Asks: 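To start, I am sharing the structure in question, which I have written as structure tokens.
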2 protein chains.
Amino acid sequence: MKERVSGALESYLEQIADLQQEHGAVRTSDLAERMGCKRSSVTNALQRLSEKGLINYQSYRPVTLTPDGEKTIAALSRYHRILADFLATILAFPEEFAQQEACRLEHRVSQCTIERMQVYLDFVGSGAKNTASEVNFSQFKKFLKSSTDKPA
Amino acid sequence: MKERVSGALESYLEQIADLQQEHGAVRTSDLAERMGCKRSSVTNALQRLSEKGLINYQSYRPVTLTPDGEKTIAALSRYHRILADFLATILAFPEEFAQQEACRLEHRVSQCTIERMQVYLDFVGSGAKNTASEVNFSQFKKFLKSSTDKPA
DNA sequence: TAATAATGTTAGATGAAACTAATTTTCCAA
DNA sequence: TTGGAAAATTAGTTTCATCTAACATTATTA
């Protein structure tokens, strides 16, 4: 197993992957904006990511992911997907909130729990046999509306 | 609202509350053992908690919670309870794992999400009307067994 | 009750992650 | 083509949370 990288660095890595898709090249300023921090903090993070072999980094040059970086991202974004899906599909949060919350949780929730959420999702989505679960979802939304909980 | 204290300090505070219940007095070594860190780190944490007005601390004396500390603990342990309950009751994890995971998550999961988990629990537990949900739980456990997921 | 073991604290170092201010590099437009 | 603006980096500081090693205090027990 690869030695898990810190939550902060993981976030940088994700934004790098995102920006790469959107703009091809990844610029320090854009990263800073996304991360809500100063450019100098980004440089520092890039250097640490580079030391860990997750990105290719040289001063003043555009950043790219290494194969290891790609792998890390793949796992992470799967985690993110499952979490967001769970929050939206089971707990009935709006997509946007589910995304945000997934961002904050994906670095902390254990793999085990995430896999279990996926199983729960599979279970609920296991259609035909189990229409009760679909019924439950809409029932839950009604129940939610009638509860004192303010919608997110 | 009170200024949220860091996750690490929150953990110390919880263990302090725990130990207080168990042994009356709270000793540095016990805390260190619980937290899996050195005694000196505990001292450091105690000093910071004290500065924030959450505990009464003087060198070489037993530690007690301030009223503010008590309040913080109350909120935290409610979060913990809901999380652990959700993990055990909805995701069908063994109690012990649910407890551990709750410890790690309670400092990160947003209040909003935790409240929603409580609503979901209420919904599922809303007995009579909704026996479908109880059925679902045992169905889920079967489903789980048949999936490739290793039990925690 | 004095010596020793156990417990607790201080001081100083480290690493992560942020910041500001100063400097360097790159790039574009006159 | 060069000179200034934008972008990026460096240097140095801060805070948090940990560590080790050394020192201080309390407790035990011979």
Side-chain angles (χ1 to χ4, degrees), chain A residues 2-16 19-20 22-65 69 72 76 103-108, chain B residues 2-16 19-20 22-65 69 72 76 103-108:
Chain A
K2 20 197 64 109
E3 37 156 336
R4 180 99 178 187
V5 68
S6 84
L9 285 192
E10 278 183 359
S11 297
Y12 278 103
L13 206 59
E14 284 181 291
Q15 295 305 325
I16 290 169
L19 285 167
Q20 193 162 274
E22 275 180 51
H23 302 118
V26 176
R27 296 164 60 227
T28 301
S29 322
D30 295 339
L31 253 179
E33 169 148 17
R34 289 279 185 110
M35 297 293 299
C37 73
K38 299 294 170 169
R39 293 197 291 282
S40 57
S41 310
V42 171
T43 299
N44 178 277
L46 294 180
Q47 288 165 348
R48 280 179 296 135
L49 283 170
S50 168
E51 271 160 31
K52 296 190 189 292
L54 297 170
I55 62 171
N56 302 115
Y57 171 74
Q58 284 172 256
S59 294
Y60 300 104
R61 327 231 51 158
V63 166
T64 57
L65 295 168
T72 301
L76 265 179
C103 276
R104 296 201 300 104
L105 296 184
E106 64 195 347
H107 312 293
R108 267 299 180 295
Chain B
K2 18 197 66 107
E3 38 157 334
R4 180 99 179 188
V5 68
S6 83
L9 285 192
E10 278 183 0
S11 297
Y12 279 103
L13 206 59
E14 284 181 290
Q15 295 306 324
I16 289 169
L19 285 168
Q20 193 162 275
E22 275 180 52
H23 302 118
V26 175
R27 297 164 59 225
T28 301
S29 324
D30 295 339
L31 253 177
E33 169 149 16
R34 291 278 185 109
M35 299 292 299
C37 72
K38 299 294 169 170
R39 295 197 294 282
S40 57
S41 310
V42 172
T43 300
N44 179 278
L46 294 179
Q47 289 165 347
R48 281 178 295 136
L49 282 170
S50 169
E51 272 161 30
K52 295 190 190 292
L54 297 169
I55 61 172
N56 301 116
Y57 171 74
Q58 284 171 257
S59 294
Y60 300 103
R61 327 232 51 160
V63 166
T64 58
L65 294 169
T72 301
L76 265 179
C103 276
R104 296 202 297 105
L105 296 184
E106 65 196 345
H107 311 292
R108 267 299 180 294

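Letters go in sequence order (proteins before strands), and every chain restarts at 1. Given the structure is predicted, the values throughout are model-derived calculations rather than measurements. Note: hydrogens, waters and symmetry copies are ignored here, and every other heavy atom, side chains too, is used.
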Asks: Compare side-chain N and O positions of A:Lys38 against OP1 and OP2 of C:dA18 and report whether any pair is under 4.0 Å apart.
Replies: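 False: A:Lys38 side-chain N/O out of range (4.0 Å or more) of C:dA18 OP1/OP2.
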Asks: Without decimals, in angstroms, what is the distance between A:Asn44 CG and C:dA16 C1'?
Replies: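 To the nearest whole Å, that distance equals 8 Å.
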Asks: I'd like to know if the side chain of B:Arg104 and the backbone of A:Arg108 have a donor-acceptor N/O pair within less than 3.5 Å.
Replies: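 Between the backbone of A:Arg108 and the side chain of B:Arg104 there is a qualifying donor-acceptor contact (under 3.5 Å).
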Asks: Only distances under 3.5 Å count here; give the side-chain donor-acceptor pairs of residues 49-61 of chain B to other protein atoms, sequence neighbours excluded, each with its distance to 0.1 Å.
Replies:
{"from": "B:Asn56", "atom 1": "OD1", "to": "B:Thr64", "atom 2": "OG1", "distance (Å)": "3.1"}

Asks: Once each nucleotide of nucleotides 4-9 of chain C is scored for protein heavy atoms under 4.0 Å, what B/S/- sequence comes out, 5' to 3'?
Replies: ---BBB
Asks: Mind calculating the distance between CD (A:Glu33) and P (D:dA7) to the nearest angstrom?
Replies: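 Going from A:Glu33 (CD) to D:dA7 (P), I get 11 Å.
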Asks: Of all the heavy-atom pairs spanning A:Glu14 and A:Leu76, show the shortest one and how long it is.
Replies: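 Here A:Glu14 and A:Leu76 meet closest at CG-CD1, 3.9 Å.
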Asks: What are the two closest non-hydrogen atoms of B:Gly69 and B:Leu13, and how far apart are they?
Replies: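 Minimum heavy-atom contact is O-CD2, 4.2 Å.
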Asks: If I take atom CZ in residue A:Arg34 and atom C1' in nucleotide D:dA7, what distance separates them, rounded to the nearest angstrom?
Replies: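 Checked: the CZ to C1' distance equals 18 Å.
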Asks: Given C:dC19, is OP1 or OP2 found less than 4.0 Å from the side-chain N or O atoms of A:Ser41?
Replies: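 Looking at the OP1 and OP2 atoms of C:dC19, one of them is under 4.0 Å from a side-chain N or O of A:Ser41.
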Asks: Using whole Å, report how far CG of B:Leu13 lies from P of D:dC16.
Replies: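 Rounded to whole Å, this separation is 16 Å.
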Asks: Whole Å only: how far is the CG atom of B:Leu49 from the P atom of D:dT15?
Replies: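 It works out to 18 Å between those atoms.
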Asks: If I take atom CD from residue A:Gln15 and atom SG from residue A:Cys103, how far apart are they, to the nearest 0.5 angstrom?
Replies: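 Separation between the atoms: 7.0 Å.
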Asks: Under 4.0 Å: is that the gap between some side-chain N or O of A:Tyr12 and OP1 or OP2 of C:dA16?
Replies: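 No, no such contact exists.
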Asks: With a sphere of 6.0 Å drawn around CD of B:Glu33, does it hold more than 12 non-hydrogen atoms of other residues, nucleotides or ligands?
Replies: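 No, the 6.0 Å shell around CD holds no more than 12 heavy atoms from other groups.
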